[in-house]
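Data block below; observations after.
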Amino acid sequence: MIPYGRKIEVGNFYLLKRTKALSKSDLAKLRAENGVPADLKKQVSRQGLPYIVVSAKSGIWQIEYSYLTSVYHFIDNCKLNENGEIVEEYKNTLHNYFCVIFGTSTILGDNLYYREINDAICGFMTRSAVQHQVSDEEDSKILAEEQKKFMEQEKLSKIASDLKDTFEKGAENE
């Protein structure tokens, strides 16, 4: 797991794992409004909501991944070496990913550019689907599990959205 509060270098980017804290009343209100089950209440705590910031070393760009995303979990579960750095295999994958995200979020391309990006994504999804073919029984089981996870993530996404609104309202009142 990536340690909290320590910048980790990945090519020309930095990673930083942080948390955002909530007031006790805000947290209780959000839990009540969203009917958060007891097992999920442990993940959404007053101590903070974890997220990872990826920023360009130059400081001109950054993106945040909340713990609700698969990218957050991939980054957080990267193997670290004895110096606390991400091992090369993961570092190369992350650097390539961050370069693509940086490029696609800062370049305003033409229609062909976006079509080619979409075609590349569709090609990957097709390759990925072929590699992961399952029986109808396995498919039904996986679908049920994913629907349950989706519903839980929807609840957490609502909480995260409400938290953002709460933070923004708090900032406006200061």
Side-chain angles (χ1 to χ4, degrees), residues 1-24 26-31 34-106 121 124-125 127-128 131-132 134 141-168 170:
M1 299 220 353
I2 303 295
Y4 283 94
R6 186 173 144 244
K7 276 188 178 179
I8 297 176
E9 188 175 324
V10 178
N12 53 333
F13 299 95
Y14 289 121
L15 299 178
L16 180 62
K17 185 175 170 183
R18 307 179 77 178
T19 59
K20 292 181 183 178
L22 301 172
S23 72
K24 187 175 182 179
D26 287 339
L27 182 61
K29 180 181 173 188
L30 289 171
R31 285 177 173 166
N34 293 287
V36 177
D39 60 328
L40 290 179
K41 286 181 182 181
K42 294 174 186 173
Q43 293 179 20
V44 181
S45 68
R46 186 170 180 215
Q47 287 77 30
L49 300 169
Y51 67 101
I52 294 174
V53 178
V54 177
S55 58
K57 284 183 179 180
S58 65
I60 64 166
W61 177 88
Q62 77 174 29
I63 188 167
E64 295 180 3
Y65 294 101
S66 84
Y67 72 100
L68 299 173
T69 65
S70 59
V71 175
Y72 171 93
H73 293 285
F74 179 80
I75 295 169
D76 197 37
N77 290 302
C78 284
K79 294 178 185 173
L80 303 177
N81 64 22
E82 60 279 351
N83 298 324
E85 298 169 346
I86 297 173
V87 298
E88 286 303 311
E89 174 189 350
Y90 286 92
K91 189 180 278 190
N92 292 336
T93 299
L94 287 174
H95 186 256
N96 288 331
Y97 174 74
F98 298 150
C99 286
V100 168
I101 296 302
F102 172 81
T104 56
S105 67
T106 59
I121 292 168
F124 170 76
M125 299 300 283
R127 289 189 310 276
S128 182
Q131 294 172 1
H132 298 98
V134 295
K141 182 180 175 183
I142 292 169
L143 181 59
E145 290 172 5
E146 291 301 314
Q147 286 173 332
K148 182 180 175 184
K149 286 179 191 176
F150 178 78
M151 296 305 289
E152 290 172 357
Q153 277 196 321
E154 284 292 306
K155 288 180 183 178
L156 291 174
S157 292
K158 172 83 168 91
I159 291 170
S161 175
D162 291 346
L163 291 174
K164 179 181 177 198
D165 293 343
T166 301
F167 283 122
E168 288 173 354

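This chain uses plain numbering: 1 for the first residue, then up along the sequence.
Of all heavy-atom pairs between Cys78 and Ile86, the closest is CB-CG2, 4.0 Å. Of all non-hydrogen atoms in Tyr4 and Pro50, the two that sit nearest each other are OH-CB, 3.4 Å. Across Glu85 and Arg6, no two heavy atoms sit closer than the pair N-NH2, 4.3 Å. Taking both residues in full, the closest heavy atoms of Glu9 and Lys57 are given as OE2-NZ, 2.7 Å, listed atom of the first, atom of the second, then distance. Taking all atoms of both residues into account, the shortest heavy-atom contact from Ile8 to Gly84 is CD1-O, 4.1 Å.
From Ser55, atom OG reaches atom CD1 of Ile60 across 11.0 Å, with rounding to the nearest 0.5 Å. Considering OG1 of Thr93 and CD of Glu88, their distance stands at 10.5 Å, rounded to 0.5 Å. From Ile2, atom CD1 reaches atom NZ of Lys7 across 15.0 Å, with rounding to the nearest 0.5 Å. A distance of 10.0 Å separates CG of Asp76 from OG1 of Thr69, quoted to the nearest 0.5 Å. To the nearest 0.5 angstrom, Thr106 atom OG1 is 10.5 Å from Ile101 atom CD1.
With contacts defined as side-chain heavy-atom distances shorter than 4.5 Å, the pair His95/Asn12 qualifies. With contacts defined as side-chain heavy-atom distances shorter than 4.5 Å, the pair Leu80/Val87 does not qualify.
Ring planes of Phe13 and Phe102: perpendicular class, angle over 60° (limits at 30 and 60°).
When atom types are taken as modelled, the side chain of Asn77 and the backbone of His73 share a donor-acceptor pair closer than 3.5 angstrom. Side chain of Asn81 to backbone of Asn83: a donor-acceptor contact under 3.5 angstrom is found. Remark: side-chain polar atoms of Ser128 are not paired, donor with acceptor, to backbone N or O of Phe124 under 3.5 angstrom.
For Lys149 and Glu146, the salt-bridge test passes: some basic side-chain N is under 4.0 Å from an acidic carboxylate O. Using a 4.0 Å cut-off between charged side-chain N and carboxylate O, Glu89 and Lys79 make no salt bridge.
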The test is side chain to side chain contact (heavy atoms under 4.5 Å, CB included); show your working for Tyr72 and Lys17 and say whether it passes.
CA-CA 9 Å; Tyr72 171 93; Lys17 185 175 170 183; 3.3 Å; yes

Audit row: Leu15, Phe98, side chain to side chain contact (heavy atoms under 4.5 Å, CB included) steps and yes/no:
CA-CA 10 Å; Leu15 299 178; Phe98 298 150; 3.5 Å; yes

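Between the side chains of Trp61 and Ser105, at least one donor N or O lies within less than 3.5 Å of an accepting N or O.
Enclosure of atom NZ in Lys141 is not indicated, since only 12 or fewer non-hydrogen atoms of other residues, nucleotides or ligands lie within 6.0 angstrom.
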